[in-house]
2 protein chains.
Amino acid sequence: MKVKIVDVAKEANVSVATVSRVVNNIPLVNEETKERVLEAIKKTGYKPNAIARSLKIQRTNTLGIMIPDISNPLYTEMARGVEDICGIYNYNIILSNTDFSPDKEKESLDVLIEKQCDGIIYIGKDLTDEFQEILKNAPSEIVLGNVMDERGDLSSVLIDNESAAYDLAKRAIEKGHKNFALFTDRDGGFTSDKILKGVKKALNEADLSLDEELIIPGNINVKGGYAMMNKLLDSGKDVDIAMTMNDQVALGAIRAAEERGVKVPDDLAVTGFNDYWLSEWVNPEITTVKLPMYDIGAIAARMLIKMCEADEKESKTITCPYEIVERQSM
Amino acid sequence: MKVKIVDVAKEANVSVATVSRVVNNIPLVNEETKERVLEAIKKTGYKPNAIARSLKIQRTNTLGIMIPDISNPLYTEMARGVEDICGIYNYNIILSNTDFSPDKEKESLDVLIEKQCDGIIYIGKDLTDEFQEILKNAPSEIVLGNVMDERGDLSSVLIDNESAAYDLAKRAIEKGHKNFALFTDRDGGFTSDKILKGVKKALNEADLSLDEELIIPGNINVKGGYAMMNKLLDSGKDVDIAMTMNDQVALGAIRAAEERGVKVPDDLAVTGFNDYWLSEWVNPEITTVKLPMYDIGAIAARMLIKMCEADEKESKTITCPYEIVERQSM
DNA sequence: ATATTTCATGTAAATGTTATCATTCAAAAC
DNA sequence: GTTTTGAATGATAACATTTACATGAAATAT
């Protein structure tokens with residue numbers, strides 16, 4: 001049988017209130033009795049029941065985190081950032097994979113709310129109007145990670161993907177590239193849109209244009225990159241550079257190119273997006289833009305915890321800096 | 001103010017008991033009143049309070065998972081396996097990073113127990129006697145993931161790393177390799193020990209021996225691999241093959257070798273361990289052994305949930321199969 | 001000496017559920 | 001017409017805490 005607060009109270013010959021006081025480090029308890037209670041706790045092996053405690057104090061010290069796929073390197077860094085901050089502030093994390101499925105997202109959110117998470121971090125690649133509405137009405141505090149609430153006012157911490165893509169494209173233009181191909185996300189989404197926009201803007205400013213047929217959609221992973229590059233090469237079009245949405249895609253693309261005898265970067269430049277550790281360990285090393293995914297998670301968590309503790313209700317959006325990192329593939 | 005069961009009861013003009021019955025899908029409630037209650041739930045926006053429920057029924061439907069580092073590809077797959085199974089059986093996950101720190105492990109465990117997790121999955125690279133004792137006495141059910149309890153009887157699901165290393169080394173010997181180097185974990189641990197043992201066994205059987213000076217310890221990541229290979233090459237010893245404990249290490253090692261003009265696999269073979277998706281996308285593709293990390297997580301979770309639901313207390317250990325996958329680096 | 005303050009402790013209500021037991025009421029059985 | 005059954009519902013005691021309030025004793029002030 002599990003030992004509870006009344007058991008240690010009996011053991012120490014005090015009331016449960018007193019035990020509760022020493023457990024929660026509330027002063028106003030005599031040093032000597034405190035000693036006795038501590039003794040009793042050790043002897044009985046008492047561990048407070050956080051569930052009962054939460055019910056009473058109406059806080060769980062728990063954050064819910066909705067994330068598309070914890071095993072996807074894109075998201076795992078963010079999760080770690082959240083985790084580390086939670087560790088510092090003594091919060092726990094309930095994890096929920098959503099797999100980009102709206103149904104799973106709704107389900108997850110319900111569960112997190114029912115479990116009385118003090119706050120919830122929503123990480124995804126897009127935010128539908130419908131879900132925005134649902135989040136807005138949630139009883140828990142909400143912060144969006146790497147997702148923008150374009151029509152609403154939910155707090156969020158994100159990256160200016162459009163500028164990042166713009167900068168990277170501009171750099172490419174400066175290097176003399178003129179004929180661009182762009183590998184986009186077949187499932188669309190916020191990030192993909194912004195990158196497309198940024199690239200187009202850079203091209204426009206340089207009086208270049210993007211051949212719509214060279215906007216090639218595919219899956220955002222190595223295989224997808226491999227496939228998209230093959231499609232590009234099959235098209236027979238004249239291209240200087242292929243910009244991708246992600247380093248893994250770039251890796252797959254480079255592989256496909258080299259298998260067909262196309263040298264990167266001499267015959268064709270390739271860029272990644274969202275620096276991944278492996279990108280400087282492959283050959284050629286991938287030129288990309290470094291996005292501080294860990295920081296996004298950490299900042300979002302800190303923000304959320306602040307929202308939970310103070311009732312500082314004003315919603316903020318924080319934009320994190322990125323950094324173009326030029327390596328060998330362009 | 002949050003709406004609770006009594007609010008719904010008032011709205012629907014029934015007792016809380018009845019509402020609870022319809023929420024929990026207990027029969028014996030009239031179809032018409034059920035309708036009315038459902039209506040009231042929708043109208044009030046009632047969401048059951050899982051905390052209160054858990055307190056009453058003495059179960060949380062929550063699994064705790066202790067994991068060294070969620071952002072480490074080594075562990076992230078396992079986490080995903082756990083997650084998926086939990087999704088199916090309607091459990092939630094409380095995540096706790098331990099960073100290989102015994103102190104953090106103890107802390108984590110306490111928190112998970114206090115939060116009344118029905119079961120806990122411990123993932124690590126080693127199990128100290130002290131912690132084994134602590135786990136054995138924990139009030140929650142415990143399953144070890146990829147960790148062996150050598151002197152105890154805790155349930156676990158693992159891989160026969162020794163055999164895997166043995167098989168891989170044997171394959172190397174068959175290919176004519178004679179002079180082995182081995183890159184081990186500077187921090188030691190269960191996996192590292194077993195691999196060393198397996199390799200030695202294979203060598204012994206072939207009347208070969210392992211030069212103790214060619215057992216090179218280092219960090220288990222790309223940089224570590226890079227450093228260990230440089231150390232090996234600096235030694236000037238005559239070596240055919242370097243076996244590593246992990247694909248990332250192999251990647252770093254290969255890079256170091258090629259930078260020094262040592263061709264892999266022609267001048268020197270390199271093997272990885274624990275197949276990682278990137279290993280077939282780099283050049284040369286890495287020969288390794290594929291360990292079903294996802295499955296370990298999934299099986300551990302399924303086992304744990306079974307232990308929580310039936311009080312099937314007998315402890316089991318399940319060993320998962322591995323597979324040598326020969327690619328280009330050896 | 002009495003009144004007042006301060007400190008240490010105890011009592012008990014409240015947190016939002018579930019589940020046991022009791023109750024009601026109608027229909028069926030006698 | 002009375003008794004029995006059984007289905008539907010309600011009252012309420014847990015579940016393990018925290019905390020506002022009450023109490024009592026000792027110390028201080030009057």
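We name chains A, B, ... by the order of the sequence lines, and we start the count at 1 in each one.
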Sugar-phosphate only, base, or nothing, as touched by V14(B) at under 4.0 Å among non-hydrogen atoms: sugar-phosphate

Heavy-atom side-chain proximity of M66(A) to I123(A) below 4.5 angstrom: no

With a cut-off of 3.5 Å and sequence neighbours excluded, list every side-chain donor-acceptor pair involving residues 86-93 of chain A.
unit_1, atom_1, unit_2, atom_2, d
Y91(A), OH, E309(A), OE2, 2.8
N92(A), OD1, K115(B), NZ, 3.2

Between C1' of dA8(C) and CD of E35(A), the distance in whole Å: 16 Å

Spacing of K2(B) atom NZ relative to dT17(C) atom C1', expressed in whole Å: 14 Å

Between D153(A) and S315(A): side-chain donor-acceptor atoms closer than 3.5 Å: no

Any Q58(A) side-chain nitrogen or oxygen under 4.0 Å from OP1 or OP2 of dG16(C): yes

Residue pair S155(A) / M303(A), side-chain heavy-atom distance below 4.5 Å: yes

Touch class at under 4.0 angstrom, heavy-atom based, for T33(A) against every strand present: sugar-phosphate

Comparing A52(B) and R21(B) on DNA chain C - which has the more 5′ nearest nucleotide: A52(B)

Residue whose closest nucleotide on DNA chain D lies nearer the 5' end, L55(B) versus N30(B): N30(B)

Residue pair T60(A) / D118(A), side-chain donor-acceptor N/O under 3.5 Å: yes

pair M148(A)-L127(A): side-chain heavy atoms closer than 4.5 Å: no

Sugar-phosphate only, base, or nothing, as touched by V6(A) at under 4.0 Å among non-hydrogen atoms: nothing

Donor-acceptor contact present, side-chain D99(B) to main-chain S101(B), <3.5 Å: no

Sugar-phosphate only, base, or nothing, as touched by S20(A) at under 4.0 Å among non-hydrogen atoms: base

Most 5' of P27(B) and P48(A) on DNA chain D, judged by nearest nucleotide: P27(B)

Sugar-phosphate, base or nothing in reach of L28(A), heavy atoms under 4.0 Å: base

Atom-to-atom span, CD of Q116(B) to C1' of dT17(C) - whole angstrom: 16 Å

Along DNA chain D, first and last positions that approach a heavy atom of chain B under 4.0 Å: dA8(D) to dA16(D)

Phosphate OP1/OP2 of dT15(C) contacted by K56(A) side-chain N/O (<4.0 Å): no

N/O (side chain, S15(A)) to phosphate O (OP1/OP2, dT9(C)) under 4.0 Å: no

Whole-Å gap separating P (dT15(C)) and CD1 (I5(B)): 15 Å

Integer-rounded Å distance: dT18(C) C1' and I26(B) CD1: 8 Å

